Asks: 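One structure is given below, represented as structure tokens, and several questions about it will come after.
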Amino acid sequence: MSKKGFYITTTLPYVNAAPHIGFALEIVQADVLARYHKEFLGEELFFNTGTDEHGLKIYRKALEEGKDPQAYTDEYAPKFDKLKSALHLSYTHFVRTTDEHHVRAAQELWRRCASRGDIYEKNYKGLYCVGDEMFLKDSDLVNGKCPNHPTMDPVEVEEKNYFFRLSAYQEKLLAYLSKDGAVIPERRRREATQFVENGLEDFSVSREKARLSWGVPVPEDETQVMYVWFDALTNYISTLGWPEDAEGSYKKFWENGVVVQTAGKDQVRFQSIMWQAMLMSAGVKTTDMIVYHGHITSGGQKMSKSVGNVIDPFEIVEKYGTDALRYWLLREMPTFEDGDFTLERFEESYNANLANGLGNLVSRVIKMASTSGVEAPKSPDIGNDPAFNLFKKYLDTFEIKKAADCIWQRIADADKKIDETKPFKLVKEKPEEAKKILGDLLKEVQAIAFMLKPFLPETSEKAAEALRRLELAQPLFPRIEK
RNA sequence: CGCGGGGAGGAGCAACUGGUCGCUCGUUUGGCUCAUAACCAAAAGGCUGCGGGUUCGAAUCCCGCCCCCGCAACCA
């Protein structure tokens with residue numbers, strides 16, 4: 001009997017800038033769900049992430065640095081892969097949209113949509129800035145000129161583009177969106193539904209190669225390349241080996257497994273609407289669930305280089321440790337809504353919950369147990385524990401923060417129990433009774449360490465090890481002194 | 001202009017299917033001493049942005065207004 005397949009993927013970050021903490025949030029959330037399904041539910045895991053490497057922005061960035069686009073992306077893609085060790089991620093596959101196989105898959109998806117009659121030619125007319133070599137939208141214009149080139153007059157240019165017949169999918173998309181769990185949280189489902197109900201327009205899916213060569217060639221038309229995200233979206237199935245599926249991963253995980261995507265709230269239209277319509281057109285199963293997270297602001301404002309409030313995930317990890325950042329992303333951030341990051345509150349929460357809460361509890365229990373001659377506990381047995389079942393229920397519904405709250409409730413309860421039963425005092429008067437209490441406390445800490453596994457894998461392992469040896473060499477989280 | 005989110009004790013958030021405003025951090029006091037000056041308990045602190053309305057009763061529903069944040073860029 002083969003194990004059930006669980007597929008989870010993040011969106012692919014664009015490689016024209018350093019990894020953003022917002023992406024760290026997305027991938028750490030995905031990591032918790034992945035570890036939960038693999039380690040707690042025993043499912044077989046396919047966890048995908050990667051990099052989006054085509055398109056004008058990257059092409060120009062490469063030119064700026066005097067590099068060939070492929071050489072540029074070869075240099076930048078590993079910087080994203082570095083997140084794996086920095087954040088202790090458990091992803092199993094890293095796809096690059098410049099991978100040969102991915103390119104072929106994107107072309108095959110195109111062919112299937114085209115043979116369905118959903119891709120057609122149309123002349124696109126618009127204002128074009130020669131300086132930027134790109135089309136301007138009305139909203140881009142400043143006094144009728146390109147904001148970057150106020151001395152140049154935008155020219156009206158007409159070019160052939162291919163369009164995708166999104167308008168044909170209104171009914172099917174509404175049916176899709178009404179499925180249980182298709183869009184999480186519920187609020188975003190209403191947003192997507194409303195958007196579809198308001199009427200859908202076909203969208204452009206290609207660019208003239210003469211203007212932009214850095215992309216996937218459109219099959220059977222040498223003059224066109226795919227517009228970046230048509231190709232990028234295909235990664236979710238190309239990573240599984242679609243369409244050949246030589247290893248059977250596509251069948252196992254996409255067709256017969258549970259398919260979960262994570263994405264930022266700005267992605268609703270792309271992921272839940274356009275991508276799903278593309279899948280329908282190509283005759284591929286749609287995504288089962290898409291979980292949308294919020295955005296992280298910094299000091300109450302959107303992060304931006306010009307404001308200078310960008311938070312670098314690597315810096316936080318280096319200074320405070322991987323699990324400190326994971327903790328903040330998972331429990332201090334609302335799971336589905338926006339949250340604000342300030343270093344001050346980050347440190348406050350670190351001291352309160354990691355140093356004083358979790359770290360101190362492990363430390364005091366182990367110290368008492370080892371000095372009282374209590375034996376190390378056997379392997380954890382929390383299968384029927386009601387608190388654990390609630391915790392699982394939250395993880396089953398993607399409520400990551402609430403699940404984490406269960407753990408910290410347990411920490412608080414253990415601290416309270418120590419205060420009420422006073423084993424440190426009892427050990428001098430009624431040693432047997434004290435030992436019994438300490439044995440129970442060790443089991444509690446063991447359960448806490450176990451539940452911590454998907455959230456703070458490294459800390460969980462350290463705590464488990466300390467329990468086995470009844471010795472804690474280093475504090476789990478040293479206090480941050482001001 | 002428009003669209004969306006939000007204004008709650010010093011700070012961050014829960015309550016938004018109307019019925020004593022809950023939690024965390026911080027502050028003060030008491031307890032404890034096993035622990036990373038940690039832990040436990042208690043207390044102080046709110047006309048829930050403003051003005052109207054509906055109701056026996058509104059943070060919660062309705063109307064008007066004010067303010068903040070996204071929707072353009074680097075960017076999830």
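Predicted, not measured: the structure shown is a model, and the values here were computed from it. To find a chain, count down the sequence lines: A is the first, B the second, and so on, and within it residues start at 1. Hydrogens, waters and symmetry mates are skipped; everything else that's a heavy atom, side chains included, is used.
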Asks: From C-beta outward on A:Lys425, which listed nucleotide comes closest to its side chain: B:rU36, B:rC34, B:rU33?
Replies: B:rU33

Asks: Checking side-chain polar atoms at under 3.5 Å, does A:Asn48 have a donor or acceptor matched by the opposite partner on A:Asn235?
Replies: yes

Asks: If you only use heavy atoms from C-beta on, which nucleotide in B:rA41, B:rA35, B:rA76 is closest to the side chain of A:Phe23?
Replies: B:rA76

Asks: Over 60° means perpendicular and under 30° means parallel, so tell me whether A:Tyr320 and A:Tyr350 are parallel, tilted or perpendicular.
Replies: tilted

Asks: Would a distance-only check, ignoring hydrogens and angles, find a side-chain to backbone donor-acceptor pair under 3.5 Å from A:Asn351 to A:Ile480?
Replies: yes

Asks: May I have the distance from A:Leu426 (atom CG) to B:rC32 (atom C1'), rounded to whole angstrom?
Replies: 15 Å

Asks: Expressed in angstrom and rounded to an integer, what is the separation of A:Gln301 atom CD from B:rC71 atom C1'?
Replies: 16 Å

Asks: Do A:Trp229 and A:Phe203 have side chains that get closer than 4.5 Å, going by heavy atoms?
Replies: yes

Asks: Quantified in whole Å, what is the P atom distance between nucleotide B:rA8 and nucleotide B:rA59?
Replies: 15 Å

Asks: Which base, if any, makes a Watson-Crick or G-U wobble pair with B:rG2, both distances under 3.5 Å?
Replies: B:rC71

Asks: State which of B:rC39, B:rA76, B:rA11 makes the closest approach to the side chain of A:Arg345.
Replies: B:rA11

Asks: To the nearest Å, give me how far apart CD1 (A:Ile296) and P (B:rC74) are.
Replies: 19 Å

Asks: In whole Å, I'd like the distance from the CD atom of A:Glu337 to the C1' atom of B:rG4.
Replies: 12 Å

Asks: When rounded to the nearest Å, what value does the distance between C1' atoms of B:rG49 and B:rG7 take?
Replies: 6 Å

Asks: At 4.0 Å (heavy atoms only), tell me whether A:Ile366 reaches a base, stays on the sugar-phosphate, or touches nothing.
Replies: nothing

Asks: Assign each of A:Leu354 and A:Glu191 to its nearest nucleotide of RNA chain B by heavy atoms, then name whichever residue's nucleotide is nearer the 5' end.
Replies: A:Glu191

Asks: Could you say whether A:Phe80 or A:Asn356 is positioned toward the 5' end of RNA chain B, judged by the nucleotide with the nearest heavy atom to each?
Replies: A:Asn356

Asks: Distance check, P atoms only: B:rG5 and B:rC47, in whole angstrom units.
Replies: 27 Å

Asks: Under 4.0 Å, counting only non-hydrogen atoms across every strand here, what does A:Lys305 touch: a base, just sugar-phosphate, or nothing?
Replies: base

Asks: Once you apply a heavy-atom cut-off of 4.0 Å, does A:Lys61 come out as touching a base, just sugar-phosphate, or nothing?
Replies: nothing

Asks: Nearest to the side chain of A:Pro475, heavy atoms from C-beta on, is which of B:rU36, B:rC32, B:rC74?
Replies: B:rU36

Asks: Without decimals, in angstroms, what is the distance between A:Arg188 CZ and B:rG5 C1'?
Replies: 9 Å

Asks: OP1 or OP2 of B:rA38 less than 4.0 angstrom from a side-chain nitrogen or oxygen of A:Arg364, does that happen here?
Replies: no

Asks: Could you measure between the two P atoms, the one in B:rG19 and the one in B:rG31, and give it in whole Å?
Replies: 41 Å

Asks: Taking pairing as Watson-Crick or G-U wobble with both contacts under 3.5 Å, can you name the mate of B:rA42, or confirm there isn't one?
Replies: B:rU28

Asks: Which whole number of Å gives the distance between the P atom of B:rC23 and that of B:rG45?
Replies: 16 Å

Asks: Output the single nucleotide from B:rA76, B:rC34, B:rC25 whose closest atom is nearest the side chain of A:His295.
Replies: B:rA76

Asks: Could you tell me the separation between the CZ atom of A:Phe424 and the P atom of B:rC32, rounded to a whole number of Å?
Replies: 10 Å

Asks: Which part of the nucleic acid, if any, lies within reach of A:Ala352 when heavy atoms closer than 4.0 Å are counted: base, sugar-phosphate only, or nothing?
Replies: sugar-phosphate

Asks: Rounded to whole angstrom, note down the P distance from B:rG18 over to B:rG51.
Replies: 24 Å

Asks: What integer number of Å spans the C1' atoms of B:rC50 and B:rU28?
Replies: 33 Å

Asks: Please tell me if A:Lys416 has a side-chain N or O lying less than 4.0 Å from either OP1 or OP2 of B:rA41.
Replies: yes

Asks: Centroid separation under 6.0 Å, is that true for the rings of A:Phe388 and A:Phe391?
Replies: yes

Asks: Which nucleotide in the list B:rC39, B:rA73, B:rC34 gets nearest to the side chain of A:Ser304?
Replies: B:rA73

Asks: Identify whether any heavy atom of A:Asp266 sits under 4.0 Å from a base atom; if not, whether one sits that close to sugar-phosphate; answer base, sugar-phosphate or nothing.
Replies: sugar-phosphate

Asks: Looking only at side chains, do A:Gln276 and A:Thr287 share a donor and an acceptor under 3.5 Å apart?
Replies: yes

Asks: Between B:rC39 and B:rC56, how far apart are the P atoms? Round to whole Å, please.
Replies: 50 Å

Asks: If only side-chain N and O atoms of A:Lys265 are considered, is one of them under 4.0 Å from the OP1 or OP2 phosphate oxygen of B:rG4?
Replies: no

Asks: Starting from C1' on B:rU36, measure out to OH on A:Tyr350 and report it in whole angstrom.
Replies: 10 Å

Asks: Could you pull out all residues at least two apart from A:Asp99 that satisfy side chain to side chain donor-acceptor pair (under 3.5 Å)?
Replies: none

Asks: Please name the nucleotide paired to B:rC21 by Watson-Crick or G-U wobble geometry with both distances under 3.5 Å, or report none.
Replies: none

Asks: So A:Lys367, base contact, sugar-phosphate only, or nothing? Heavy-atom distance under 4.0 Å.
Replies: sugar-phosphate

Asks: Do the side chains of A:Phe6 and A:Phe47 get nearer than 4.5 Å, heavy atoms only?
Replies: no

Asks: Between atom CG in A:Asp419 and atom P in B:rA38, what is the gap in whole Å?
Replies: 16 Å

Asks: Under 4.0 Å, counting only non-hydrogen atoms across every strand here, what does A:Leu476 touch: a base, just sugar-phosphate, or nothing?
Replies: base

Asks: Please determine, for the side chain of A:Arg479, which listed nucleotide (B:rA76, B:rC34, B:rU36) has the closest atom?
Replies: B:rU36

